[in-house]
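Data first, discussion second: the structure below is written as structure tokens.
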Amino acid sequence: MRLEFCWFCSSKIYPGHGIQFVRNDAKIFRFCRSKCHKNFKMKRNPRKVKWTKAYRRLHGKDMTKDSTFELERKRNRPERYDRNVMENTLKAIKKIDKIRHDRAADHIAQRWKPKAAKERREARKELEQSISLIKAPLAIQAQEPAITVPKIKVKVPKQQTLEQPMEE
Amino acid sequence: MAQYDFKKITVVPTGNDLIDIVLSRTQRQTPTVIHKGNAISRVRQFYMRKVKFTETNFTDKLSKTIEDFPRVEDIHPFYGDLLHVLYNKDHYKLALGQLNTARNLIKRIREDYVKLLKYGDSLYRCKSLKRAALGRMCTVTKRIGPSLAYLEHVRQHMARLPSINTGAPTILICGCPNVGKSSFLNKITRADVEVQPYAFTTKSLFVGHTDYKYLRYQVIDTPGLLDRPLEDRNIIEMCSVTALVNLHAAILFFLDLSGSCGYSISQQAALFHSIKMMFRNNPVLIVCNKTDLQTLEGLSGEDLKLVMEMKSAALKTIPGQGGEAANDQDVLLTMSTITDEGVMAVKNAACQRLLDQRSERKMKSKKMPTVLNRFHVAMPKPRDQKERPVCIPQAVLEARAEEAAHEERKTEKDIENENGGAGVYSASLRKHYILADDDWKLDILPEFLDGHNVYDFIDPDILQRVEELEREETAVEEDGGDFEMEDEDFTAEAEKDLQEIRKRKKLLIQKHRIKKSTAESRPTVPRKFDKDRKFTTERMGRQLSSLGIDPSRAIERARSRSVSRKGRKRERSVGGDGEDEMEIDGGLDNKKKMRLRSRSMSRSRSVLSQRSLGEVVPGEGFKDSAQKMKAVTMARNATKKRNKDARRGEADRVIPTLRPKHLFSGKRSIGKTDRR
């Protein structure tokens, strides 16, 4: 018995679940449940359906390249049974699993990081711009006299402007 | 010799039936309409056709019957004798002869009447002639009625005769009644003959089939014979005698040693001797039955002597070996049908005797030498006197010895059988695994772990790789995961401010939404007609102070410029209060200020409480008092109706129970419940 992967959503198919479809060219499609099967019959491309692993990996939402994936490989040659190897393998599976999970979580956390910085910037901006809703500028001026916009005085000569139109 | 099949003889109709059949056929199958106006030739033709047709039919049917029935001379003498025994040959022949005569008579009638019809001159005469012809034919048929009935009876009986193949090797069982002939037949063949304790249970011949050395043998069971002269024998006995005489078969003469059949051994011996003429060349076996009751050894001297006499008579029938003691065993046999001992031996002996006889005959025939001449077995002439025994190589001998030894080895199948058989014991396939350590043979191999296939991970150096992985992980951690943010976090005050801002914004949006939704349905009243007194200086003061500004100066200014104040000013000027005018800008003393304020406020408040229903208030939008009253009544009426329905307002369309049971269930006393 083997745990297979659903062709559509890439989830694990345990024994006793799902449907297998064999096409005339002898390609086997396994589905974990009728949802995936029906989507397949509708000829939907899993790479375009948001909730599938294929989409997520393609669009970089989930981890794709990692050394832990190379340890799990379908081997076609049967090995002679060795108890020690089996023991080691079982222990190793647990460790590898944990490492893989941690790395996947890291990947997702990395994705989310820029959002925090962006939010902070936006909040700062909002604070600056809309402070007038809760505090009047006069009050702010009163509180922090340092933050005052300096007045710029511009001198405009009066006589010159009057003379010129009259001459013409 | 024509082939006869007794089962395929057509049914012989009775006389009346035959007449009916033929006449109705004539009526149906010949034209029925003729007029006296038709040409005379046509009339004659019409009636002649009928006569001919009738004659043809009669002749056909009678001929068929005559031909179907076998001619006693033409069939095998066994059947011939059997027919004679059962049906009386003479009677049989007579009946058939009568049919033949009738046929000829009918033919004669037809010839005569056709000749007469040729000269019939009117329709009536022709018709009468035809009637006469048919009538005579029918009379003839009526006269042979009894013969037809007899023949039908014979036919039915003949069809049920046992189908005995006269050419096949046969075994005939005969003896006194009740000795166990039918039981023996039941034992060796699949026949199921009735076996009963009374004599003459078997009333006719029964046939069974059995196999021996790839040959099919017929076994015929006969009714019991009594020791009587031939003339006195009844039909049933005659059947068995016929079979004895005419069939070439191995004859098994059954002896009952115990005498429980009702006849003593001497009586049975007498019977044997009286019928031994009929055996002729057939091989005879004496079978002593019922040995479970009485064995051959236990017989008395007299009886034994009789038996030996019979045996010697039987011995004479062995071809070419008369009287030799070597084949003693083949002639006298013992058995018991109840305990089944010796039954097969008897059958085998009988069949073997027949085979031997056959081969003997073939040897004696004239053809044999010609056949023998075709064989020539060439034997090489010996070169010298040297012995040349069989030569088997040593290796082959050893291998054979080993194989013999191996056969004692216990196979898996033996172990399975020991431990309870196929359903109970399942062989352990793991027993013969070749592993580095034999303890591992019984290990349970896991296939899944935590949702992974274990077989995908198996690797001799998996631990090493996992260690590498772990080292990688720790290295990455030590690097110091994330960089610190360059921006600082907000202070607590700034956070609070931010939240306030957001709350304020939300409120603004909400208010705007409300205003937007009701803007179409409600007239926007300018602020100066502020009925609800929302826009007060107090409110302004509160809002300003929440922004952080001191509101006192703004409140003062607003109040000084209010309408009520201005209104009061004018009144006082009319009244001639000049002193106050002068001091407006700056210094009204506090008392006056308070009075002004209080009066203005109380006035507007009291206005509210003292106003009557129909009085027009400037901000509301009514033309005059009458219009306002009309509006008021309309509102009242609407609310009355709504209150009765327990509705909170215009927009309240709630139905407390959508499908009340009393409206949606039950039958109507009259009418249908299609719609509810």
Side-chain angles (χ1 to χ4, degrees), chain A residues 1-4 11-12 14-15 66-68 70-76 78-100 102-103 106 109-110 113 116-117 120-121 123-124 126-127 129-143, chain B residues 433-437 439-441 443 445-470 472-473 476-477 481-483 485-490 494-505 507-508 543-550:
Chain A
M1 271 195 283
R2 252 191 86 80
L3 290 176
E4 300 288 352
S11 65
K12 283 196 207 94
Y14 274 86
D66 196 40
S67 50
T68 47
E70 281 144 40
L71 289 167
E72 181 177 5
R73 216 177 20 137
K74 184 171 180 197
R75 286 150 237 264
N76 287 320
E79 301 272 326
R80 201 180 284 278
Y81 176 68
D82 189 327
R83 191 192 271 179
N84 303 321
V85 171
M86 183 60 84
E87 239 179 296
N88 295 340
T89 312
L90 292 173
K91 286 190 211 148
I93 288 175
K94 284 210 183 287
K95 291 189 193 154
I96 293 167
D97 215 20
K98 182 168 175 311
I99 292 172
R100 193 194 292 172
D102 291 340
R103 286 190 187 175
D106 278 345
Q110 274 295 107
K113 243 194 252 161
R120 255 190 276 265
R121 268 184 280 123
R124 207 177 293 281
E126 197 181 350
L127 199 59
Q129 282 180 339
S130 314
I131 195 71
S132 50
L133 285 177
I134 52 168
K135 287 184 184 160
L138 287 172
I140 295 171
Q141 234 176 11
Q143 280 177 10
Chain B
Y433 278 5
I434 305 164
L435 295 172
D437 184 353
D439 290 340
W440 299 345
K441 277 187 191 170
D443 268 1
L445 311 178
E447 291 182 37
F448 306 142
L449 181 68
D450 287 348
H452 297 286
N453 292 311
V454 170
Y455 294 127
D456 289 347
F457 282 88
I458 288 185
D459 206 343
D461 47 350
I462 188 139
L463 272 185
Q464 186 195 31
R465 292 162 124 216
V466 172
E467 264 177 59
E468 276 174 31
L469 250 187
E470 285 187 330
E472 265 180 52
E473 277 294 295
V476 167
E477 275 173 27
D482 307 322
F483 290 118
M485 286 302 300
E486 286 178 358
D487 306 327
E488 301 135 10
D489 264 331
F490 289 113
E495 277 287 334
K496 216 168 55 150
D497 283 344
L498 198 56
Q499 275 180 16
E500 271 290 324
I501 291 171
R502 287 193 175 138
K503 202 163 80 175
R504 192 60 67 86
K505 276 191 179 168
L507 279 172
L508 279 175
Q543 284 181 343
L544 284 173
S545 53
S546 72
L547 281 176
I549 305 172
D550 180 25

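Residue numbering restarts at 1 for every chain, and letters A, B, ... go by the order of the sequence lines.
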For this session: Let me see the working for B/D456 and A/R73 under salt bridge (Lys or Arg N to Asp or Glu O under 4.0 Å), right down to the final yes or no.
Result: CA-CA 5 Å; B/D456 289 347; A/R73 216 177 20 137; over 6 Å; no
Seminar exercise, completed: Turns out that what part of A/M86 lies under 4.5 Å from chain B's heavy atoms comes down to side chain
For this session: Would you please test A/E70 and B/R465 for salt bridge (Lys or Arg N to Asp or Glu O under 4.0 Å) and show each step?
Result: CA-CA 11 Å; A/E70 281 144 40; B/R465 292 162 124 216; over 6 Å; no
Exercise. So what's closer than 4.5 Å to chain A heavy atoms on B/L463: side chain, backbone, both or neither?
Worked result: side chain
For this session: Quick one: pull up CD1 in A/I99 and CD in B/E470 and give me the separation to the nearest 0.5 Å.
Result: 5.0 Å
Exercise. What part of A/K95 gets closer than 4.5 Å to chain B, counting heavy atoms only: side chain, backbone, both or neither?
Worked result: side chain
Problem set entry | Contact origin within A/S67 toward chain B - heavy atom pairs under 4.5 Å | side chain
Problem set entry | Separation between CD of B/Q499 and CG of A/L127, rounded to the nearest 0.5 Å | 11.5 Å
Exercise. Are any of the side-chain heavy atoms of A/R80 and B/I434 separated by less than 4.5 Å?
Worked result: yes
Exercise. Who among A/A109, A/S132, A/S130 has the most heavy-atom pairs with chain B under 4.5 Å?
Worked result: A/S130
Exercise. Heavy atoms, side chains only, cut-off 4.5 Å: are B/E447 and A/R2 in contact?
Worked result: no
Exercise. Side chains of B/L469 and A/R103: does their closest heavy-atom pair fall under 4.5 Å?
Worked result: yes
Exercise. Which one of A/R75, A/K91, A/K98 has the most heavy-atom pairs closer than 4.5 Å to chain B?
Worked result: A/R75
Exercise. Within a reach of under 6.0 Å around NZ of A/K94, are more than 12 heavy atoms found that belong to other residues, nucleotides or ligands?
Worked result: no
Exercise. Of B/I549, B/D497, B/L547, which is the lone residue that meets side chain to side chain contact (heavy atoms under 4.5 Å, CB included) with A/K135?
Worked result: B/D497
Seminar exercise, completed: CD of A/E72 to CD1 of B/I458, rounded to nearest 0.5 Å, is 12.5 Å
For this session: Quick one: which of A/I96, A/D97, A/D102, A/V85 has the most heavy-atom pairs under 4.5 Å with chain B, could you say?
Result: A/D97
Problem set entry | Whether over 12 other heavy atoms sit under 6.0 Å from A/K12 NZ | yes
For this session: Go through the atoms of B/F448 and report whether side chain, backbone, both or neither lie under 4.5 Å from a heavy atom of chain A.
Result: side chain
Exercise. If you round to the nearest 0.5 Å, how far is CD1 of A/I134 from NZ of B/K505?
Worked result: 11.0 Å
Exercise. If every non-hydrogen atom of B/N453 is compared with every non-hydrogen atom of A/L3, which pair is closest and at what distance?
Worked result: OD1-N, 2.7 Å
Exercise. Most heavy-atom pairs under 4.5 angstrom with chain A, which of B/E500, B/E473, B/R504?
Worked result: B/E473
Exercise. If you count heavy-atom pairs under 4.5 Å between each of B/D550, B/D461, B/L508, B/V454 and chain A, which one has the most?
Worked result: B/V454
Exercise. When rounded to the nearest 0.5 angstrom, what is the spacing between NE2 in B/H452 and OG1 in A/T89?
Worked result: 13.5 Å
For this session: For chain A, find which of B/D443, B/L445, B/I462, B/L544 contributes the most heavy-atom pairs closer than 4.5 angstrom.
Result: B/D443
Exercise. Just wondering, do B/D437 and A/Y81 contact through their side chains at under 4.5 Å, heavy atoms?
Worked result: no
Seminar exercise, completed: Whatever's closer than 4.5 Å to a heavy atom in chain A on B/V466 counts as side chain
Exercise. Roughly how far, to the nearest 0.5 Å, is the CG atom of A/L90 from the CZ atom of B/F457?
Worked result: 10.5 Å
